[in-house]
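The figures that follow rest on heavy atoms only: side chains count, while hydrogens, waters and symmetry mates do not.
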Amino acid sequence: MTAVKNMHDSTGGQALWNAVADFQFAAWRRVVAVLLTAVPSIALAQLPPPESGGPPSPVPPSVPVPAPGQTTGLARWLNPSTAPFIPVPEVATDPNSGTTLGVLPTWLRTDENHHIDRIIAPDILHNPYFGYGMHVRLYEYPSEDQQWSVVAQIKEHVERGFDGEYQIGRARRDRWSFTGGLIYDRDGTPRFFGTGNKTPESSQTNYTAAQQVARAQIGLNISRIWQLAYTVRARSVDVLPGTLPGIESIEQRFPHITGLGTDRELLQRLSITYDTRDDLTIPSHGTQWVAYGGLASRGGLLNDSLYSEAGVDGRGFWPLRQDTILAVHLALRYLLHTNDAPFWALSSIGGGRSDIGAEQPLRGFGAGRFTDRDSFSMTVELRHKLLSFDALSTHVDIEVTPFVDAGRVFGRSGTVPFTQLHPVGGIGFRGIARPFVVGYVDVGYGSEGSAVFTGIGYPF
């Protein structure tokens, strides 16, 4: 289980619809728009209708005849060019969650600079494991320096949650930065395969994770490049029997694993960051290095009654051409000392995103596929801008991104991290509405087959 649940929907999502247009270019633009909207939490852009080539012929007011090519009735609501909101059919797929079907109506607002500054995206869905459900999502982007979001969800069975986050001082222009968040989450999809780098797929188990998290990070901005940060996170995790049919529940195969039942964790972490990226959301050049160390306790402030940690996370971006960027990510985490740490607090790889000090991506496997004390992960992406166009008073770029992931977990600190890696290859598609919004769809293939991940923001 990830240390802090991802700020986006747990089920993921891949919305697809068949756009029908009068000519080929308009059809391609609408298909591309799906890449912007086909994410688990929000839609990103709405395409304008094709130009008519001139004003329509005058029509007497008493005879309301639609302009040539204009859709009416139900077709108007199903056409992203004319609908009052974007009615996105939702087909969500994830290695752990199965396939979710639904509809995702999305409202977008832009400011005077044609930047998206608000996204409202509820949905109604059905999942074969958890029945019917809905999400309510609100994302606000007042400025580069300030952002906040609220996501709430409920399903017929097992799953429900709330996720709120507030950030200020993101640009580090002032002396202090702050990020705070509250999470309540009940997730029925997590898997556990045992500890070790070679756990077989046949050892798969399922459990229900109910957690409450409060976290805050205060950053002292020494300069625009250097930041010293203190993070505190209070978390309560209840590991309950699994509910997925056909998958063994965790307590049946691993009855003695530490972490069953209820555990509490208070994590305190210090980190030093060196950051020369030209942009926090959509970097085109520069590097970021984060070195951190922390103590996690069951109670009290300054003790390691659960574990102590140390690690480094680095990412670099190098423009190869005007439209192509090489992006590289490395992450190494060690648990220096453990005292019956629960299995969900160990290092893990798998899934579609990087979380500094927690789970790392391996996009051919589900989240948490490999778990042990220590972990190493690396990713290389080639982010190539395929095309650009104007949509909903903003500018949209479409990227195609071949990528390679590799990683492993290990239980002894003397292990060479670069050996016995699990390789994954794949391709990603990203829709970018600068300066704040990135939606991605990544398809990876590893030794256990393929996996699809979607979300908001770059995977790293």
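No donor-acceptor distance shorter than 3.5 angstrom exists from the side chain of R321 to the backbone of P319, with no hydrogens or angles considered. The closest donor-acceptor contact from the side chain of S249 to the backbone of Q252 lies at 3.5 Å or more, if one exists at all. Between the side chain of T276 and the backbone N or O of T287, at least one donor-acceptor pair lies under 3.5 Å. R333 places no side-chain N or O within donor-acceptor distance of the main-chain N or O of E309, the cut-off being under 3.5 Å. Formation of a donor-acceptor pair under 3.5 Å by the N197 side chain with backbone atoms of V409 is found in this model. Under a 3.5 Å cut-off, the side chain of D355 and the backbone N or O of E359 do not form any donor-acceptor pair. In terms of modelled atom types and a separation under 3.5 Å, the side chain of N221 and the main chain of R173 share no donor-acceptor contact. Here the side chain of D187 pairs a donor or acceptor atom with the backbone of T189 at under 3.5 angstrom.
For the pairing with F162, the side-chain contact (heavy atoms from CB on, under 4.5 Å) check across V151, V136, V150, D185 returns one residue only, V150. Under the side chain to side chain donor-acceptor pair (under 3.5 Å) test applied with Q360, the options S354, S375, S377 reduce to a single match, S354.
Atom CD of residue E140 and atom CG of residue D117 lie 6.5 Å apart, to the nearest 0.5 angstrom. Atoms CZ and CZ, from R269 and R233 in turn, are 6.0 Å apart once rounded to the nearest 0.5 Å. Taking CZ of R118 as the start and CG of L138 as the end, the distance is 6.5 Å to the nearest 0.5 Å. Taken to the nearest 0.5 Å, the OG1 atom of T106 stands 8.5 Å off from the CD1 atom of I119. Within the model, atoms CG of L280 and CG of D145 stand 9.0 Å from one another, a figure rounded to the nearest 0.5 Å. Atom OH of Y292 sits about 8.0 Å away from atom CD1 of I356, to the nearest 0.5 Å.
The closest side-chain heavy-atom distance from T415 to D374 is not below 4.5 Å. Contact of the T379 side chain with the P361 side chain is registered, since non-hydrogen atoms from C-beta on lie closer than 4.5 Å. Contact annotation: the side chain of E381 never approaches that of H329 to less than 4.5 Å [non-hydrogen atoms, C-beta and beyond]. With contacts defined as side-chain heavy-atom distances shorter than 4.5 Å, the pair F389/I398 qualifies. Between Y440 and T401 the shortest side-chain heavy-atom distance does not fall below 4.5 Å. A 4.5 Å side-chain heavy-atom check between L346 and D372 finds every atom pair outside the cut-off. Two residues are said to be in side-chain contact when any heavy atoms from C-beta on lie closer than 4.5 Å; T195 and R373 fail this criterion. Residues R191 and F365 fail the side-chain proximity criterion, which asks for heavy atoms closer than 4.5 Å.
S305 and N339 share no donor-acceptor pair across their side chains, judged by distance under 3.5 Å alone. T258 and D340 form no side-chain donor-acceptor contact under 3.5 Å, judged by distance and modelled atom types alone. Residues R253 and T205 have side chains that never bring a donor and an acceptor to within less than 3.5 angstrom of each other.
Judged by the 6.0 Å distance and 45° axis criteria, R186 is not positioned over the aromatic ring of F130. Both the sub-6.0 Å distance and the 45° axial angle are not jointly satisfied by R315 relative to the ring of Y458.
Contact record, F403 with G444: CZ-CA, 3.9 Å, taken as the closest heavy-atom pair. Taking every heavy atom of both residues into account, A341 and Y307 meet most closely at CB-CD2, 4.2 Å. Nearest heavy-atom pair across I282 and P435 is CD1-O, 4.0 Å. Heavy-atom minimum distance, A331 versus D313: CB-OD2, 3.8 Å. When all heavy atoms are compared, the tightest approach of L421 to A406 is CD1-CB, 4.0 Å. P200 and F193 get closest at one heavy-atom pair: O-CD2, 3.7 Å.
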Run I427 and V400 through side-chain contact (heavy atoms from CB on, under 4.5 Å) and show every step you take.
CA-CA 7 Å; I427 189 166; V400 59; 3.7 Å; yes

Verify side chain to side chain donor-acceptor pair (under 3.5 Å) between S388 and D397, making sure each step is shown before the conclusion.
CA-CA 4 Å; S388 300; D397 295 330; 2.6 Å; yes

Could you walk me through whether I432 and V396 pass the side-chain contact (heavy atoms from CB on, under 4.5 Å) check?
CA-CA 6 Å; I432 302 169; V396 176; over 6 Å; no

As a quick check of understanding, evaluate side-chain contact (heavy atoms from CB on, under 4.5 Å) for R175 and L220, giving each step before the final call.
CA-CA 6 Å; R175 180 60 64 186; L220 172 62; 3.4 Å; yes

Would you sort out whether L382 and L320 count as a side-chain contact (heavy atoms from CB on, under 4.5 Å), showing the intermediate values?
CA-CA 9 Å; L382 196 65; L320 303 183; 3.7 Å; yes

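Applying the ring-ring contact (aromatic ring centres under 6.0 Å, His included) criterion to Y129, with sequence neighbours excluded, gives no partner residue. Partners of F376 according to the ring-ring contact (aromatic ring centres under 6.0 Å, His included) rule, which considers only residues two or more places apart in sequence or in another chain, are F418.
Less than 6.0 angstrom separates the ring centroid of F370 from the ring centroid of H422. Between F192 and Y207, the gap from one ring centroid to the other reaches at least 6.0 Å. Between F410 and Y334, the distance separating the two ring centers is shorter than 6.0 angstrom. Between F436 and Y139, the ring center distance fails the sub-6.0 Å criterion.
Residue pairs meeting the salt bridge (charged side-chain N to carboxylate O under 4.0 Å, His left out) criterion with at least one member in residues 447-460, sequence neighbours excluded: R369-E448. Residue pairs that meet the ring pair (Phe, Tyr, Trp, His ring centres under 6.0 Å) test with at least one member in residues 263-290, sequence neighbours left out, are W226-Y274. Applying the salt bridge (charged side-chain N to carboxylate O under 4.0 Å, His left out) test to every pair with at least one member in residues 400-414, sequence neighbours left out, gives these pairs: R363-D405.
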Below 3.5 Å, can you tabulate the donor-acceptor pairs from side chains in residues 238-247 to any protein atom, sequence neighbours excluded?
| unit_1 | atom_1 | unit_2 | atom_2 | d |
| --- | --- | --- | --- | --- |
| D238 | OD1 | T262 | OG1 | 3.0 |

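A 6.0 Å sphere centred on CZ of R277 holds more than 12 heavy atoms belonging to other residues, nucleotides or ligands.
A salt bridge links R172 with D275: the distance from a Lys NZ or Arg NE/NH1/NH2 to an Asp or Glu carboxylate oxygen falls below 4.0 Å.
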